[in-house]
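Everything numeric in this text was worked out from a predicted model, so none of it was measured.
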Amino acid sequence: MTLLLPSTVRFASSTLPMALSKRLGRADQGQGGVGELALLARHFDVLPRGWPAAALTRLLDTGDEDVRLGAWLRVDPAHIRPDINGARLLGIGRTVGLDQDDVEALLPALKPLFGDFGFQLDAPHPTRWYLRLPREAKLPAFAAPEDALGDDIFDHLPDGPEARRWRILQNEVQVLLHNHPHNAARLASGRVAVNALWFWGSGVLPDALSSDALTIFSDDSAVQGAARLGKLQGMPLSAFQHGTEHDALVDLRGQRDPRQLLDAWLVPAARLADRRAVTFDFADGRAFHLRPGQRWRIWRRPLAELA
C-alpha cells in the first residue's frame, strides 16, 4: 500500500507519535522529484508524458466518446480579491460554493465571449468548466490551482508568445463577471463573488495509462479519471477501510489537518507494515519504505521530525 501525501513541510509543527517515530526511523528512505506532478508521475505511467487534468476530469464527467473530440482546458469559476500588493486567488471551483443555479446564470453570458475567440465553453459539472480546443492547439503553461491559491495572481499568469490573447480573454471575463447581477445576489446571500475564471490543466486524453496499484482511493477528480482510463478500480477516499490489507494507492494530498493525517492515516498504516509493505510518498520527493522485517532494526534512532 502506498500513501500519497502533501509535502513534509506541512508537518513542521507536529510532534510524531512515538510508535510512528520508531517505524520511520527504521524505514528505508528515498528521494524523488519535487512537486505534485512528479509525485503522480511516480505512480501513474502516462503516455504521452504529462498530466492533462482537464482531459482526465472530462473523461469522468462526459465519457470516452466526448473527451476524444479535442483538447481540453479547465476554466473554473474563481474568486480573486484585490489587496494592496495586487490580487490574490482565494477560491476556485468547489471552494467558491458553486451550484447549478450559478451555472445557469453565468454560463450563457460567458459563452458568446469565448465563442468570439473560437472556443466552446461548457460546464457538465458546476465546479468543473471546460473549453474544447483543437487537438493541435498550442497553449502557454497555466498554473494549477494548488500552486496559485493564496498567491498574487500576477505571479502565476501565463508567459510566452501564446500568452497574450489568454491574458486579454481573462481580463474580458473579469469585467463581464464583475458587472453580472448574479454576483450581487451571491453577495447578498453571504457568498463570495465569482469574479474570474482560472485556466489550467490543458491537454488531450492520454493514449495509455497504467499503474502498479489496481485500486485507487482518491477524491481528486483527475485521479479518478486516470483510474477510469487505466481500467483501475477508482474509489472515493471515504471507501477506504483501515485494517484491510489493500494493495492500493491512497491519495491523501488534499487532507489539510496534519494532526489528522498523522493520527488517522500514518499511524494505522505504520501498524499495517508489521504484516506487509507500506510506502509513505511525500510531494517534496521524500519517501519512507516500511517493511515487516524492519521492526528488528532496534539500533536505529526514532525519527525526530518529518520536516
Side-chain angles (χ1 to χ4, degrees), residues 2 4 30-76 93 114 117-122 124-125 128-148 156-166 198-234 248-249 251 253-254 279 281-285 287:
T2 298
L4 304 187
Q31 184 68 41
V34 176
E36 292 203 5
L37 292 181
L39 173 62
L40 292 168
R42 289 196 283 276
H43 301 282
F44 294 97
D45 187 15
V46 183
L47 295 174
R49 300 300 179 197
W51 188 256
L56 292 171
T57 60
R58 183 81 183 188
L59 176 64
L60 195 67
D61 288 335
T62 64
D64 185 83
E65 185 175 344
D66 170 79
V67 74
R68 295 193 184 277
L69 293 175
W72 301 94
L73 178 69
R74 286 279 292 270
V75 285
D76 293 343
F114 284 95
F117 282 80
F119 303 137
Q120 180 179 328
L121 174 70
D122 72 348
H125 188 282
R128 298 193 286 269
W129 295 26
Y130 299 87
L131 284 185
R132 190 173 88 182
L133 310 168
R135 291 180 66 88
E136 66 278 7
K138 293 183 178 180
L139 300 176
F142 294 108
E146 60 267 18
D147 295 330
H156 297 279
L157 293 179
D159 204 355
E162 295 89 13
R164 183 175 179 274
R165 71 168 175 168
W166 291 99
W198 193 258
F199 306 150
W200 70 285
S202 62
V204 300
L205 192 69
D207 297 326
L209 184 148
S210 62
S211 175
D212 290 337
L214 298 180
T215 305
I216 315 294
F217 293 90
S218 178
D219 293 333
D220 184 322
S221 55
V223 172
Q224 286 283 348
R228 179 174 296 187
L229 179 62
K231 295 181 171 54
L232 310 168
Q233 186 176 21
L249 201 62
D251 181 10
R253 294 170 299 134
T279 293
D281 198 349
F282 293 88
D284 55 359

So, is the end of the Arg74 side chain (NZ or CZ) under 6.0 Å from the ring centre of Tyr130 and within 45° of the ring's axis?
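The answer is yes, since Arg74 meets both limits relative to Tyr130.
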Which heavy atom in [X] sits nearest to a heavy atom in [Y], and how many Å separate them?
X	Y	answer
Ala163	Pro158	CB-O, 3.5 Å
Asp284	Val34	O-CG2, 3.4 Å
Ala137	Leu133	CB-CB, 4.1 Å
Arg49	Leu47	CZ-CD2, 3.8 Å
Glu36	Ala283	CG-CB, 4.3 Å

Show me the donor-acceptor pairs within less than 3.5 Å that the side chains of residues 218-225 make with the rest of the protein, sequence neighbours left out.
from: Ser218; atom 1: OG; to: Asp220; atom 2: N; distance (Å): 3.0
from: Ser218; atom 1: OG; to: Asp251; atom 2: OD2; distance (Å): 2.7
from: Asp219; atom 1: OD1; to: Leu237; atom 2: N; distance (Å): 3.0
from: Asp220; atom 1: OD1; to: Ala222; atom 2: N; distance (Å): 2.8
from: Asp220; atom 1: OD1; to: Val223; atom 2: N; distance (Å): 3.4
from: Asp220; atom 1: OD2; to: Arg253; atom 2: NH2; distance (Å): 2.8
from: Gln224; atom 1: NE2; to: Ser218; atom 2: O; distance (Å): 2.8
from: Gln224; atom 1: NE2; to: Met235; atom 2: O; distance (Å): 2.9

Partners meeting side-chain contact (heavy atoms from CB on, under 4.5 Å) with Pro206 (sequence neighbours left out)
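So Pro206 forms a side-chain contact (heavy atoms from CB on, under 4.5 Å) with Val46, Pro52, Leu56, Leu229.
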Side-chain heavy-atom pair Leu232, Thr215 within 4.5 angstrom cut-off:
no
Pairwise side-chain contact, Asp281 with Arg42, heavy-atom cut-off 4.5 Å (strictly under):
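Contact flag for Asp281/Arg42 side chains = yes.
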Check whether any side-chain N or O of [X] sits under 3.5 Å from a backbone N or O of [Y] as a donor-acceptor pair, and report yes or no.
X	Y	result
Thr57	Ala54	yes
Ser211	Ala213	yes
Arg58	Ala71	no
Trp198	Ala143	yes
Trp72	Ser202	no

Within this structure, what is the [atom1]-[atom2] distance for the pair [X] and [Y], rounded to the nearest 0.5 Å?
X	Y	atom1	atom2	result
Gln233	Ile216	CD	CD1	9.5 Å
Arg165	Phe117	CZ	CZ	8.0 Å
Leu249	Phe217	CG	CZ	10.0 Å

Test salt bridge (charged side-chain N to carboxylate O under 4.0 Å, His left out) on Asp76 and Arg128; report intermediate values, then the result.
CA-CA 6 Å; Asp76 293 343; Arg128 298 193 286 269; over 6 Å; no
For a side chain to side chain contact (heavy atoms under 4.5 Å, CB included) check, start with the C-alpha distance between Glu162 and Leu139, then their side-chain angles and the critical distance, and finish with the verdict.
CA-CA 6 Å; Glu162 295 89 13; Leu139 300 176; 6.0 Å; no
Evaluate Phe44 against Leu209 for side chain to side chain contact (heavy atoms under 4.5 Å, CB included), listing each step before the verdict.
CA-CA 7 Å; Phe44 294 97; Leu209 184 148; 3.8 Å; yes
Whether Arg132 and Asp66 form a salt bridge (side-chain N of Lys/Arg under 4.0 Å from carboxylate O of Asp/Glu) is what I want to check.
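No salt bridge links Asp66 with Arg132.
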Heavy atoms from other residues, nucleotides or ligands near CD of Gln31 exceed 12 (cutoff 6.0 Å)
yes
Arg68, CZ: over 12 other non-hydrogen atoms inside 6.0 angstrom
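It does: Arg68 CZ has more than 12 such atoms within range.
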Return the orientation label for the Phe119 and Trp166 ring planes: parallel under 30°, perpendicular over 60°, tilted otherwise.
parallel
Working for side chain to side chain contact (heavy atoms under 4.5 Å, CB included), residues Leu59 and Asp61
CA-CA 6 Å; Leu59 176 64; Asp61 288 335; over 6 Å; no
Would Leu205 and Asp64 count as a side chain to side chain contact (heavy atoms under 4.5 Å, CB included) here? Give the steps.
CA-CA 9 Å; Leu205 192 69; Asp64 185 83; 4.2 Å; yes
Excluding sequence neighbours, so at least two apart, what forms salt bridge (charged side-chain N to carboxylate O under 4.0 Å, His left out) with Asp159?
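Asp159 satisfies salt bridge (charged side-chain N to carboxylate O under 4.0 Å, His left out) with no residue once adjacent residues are dropped.
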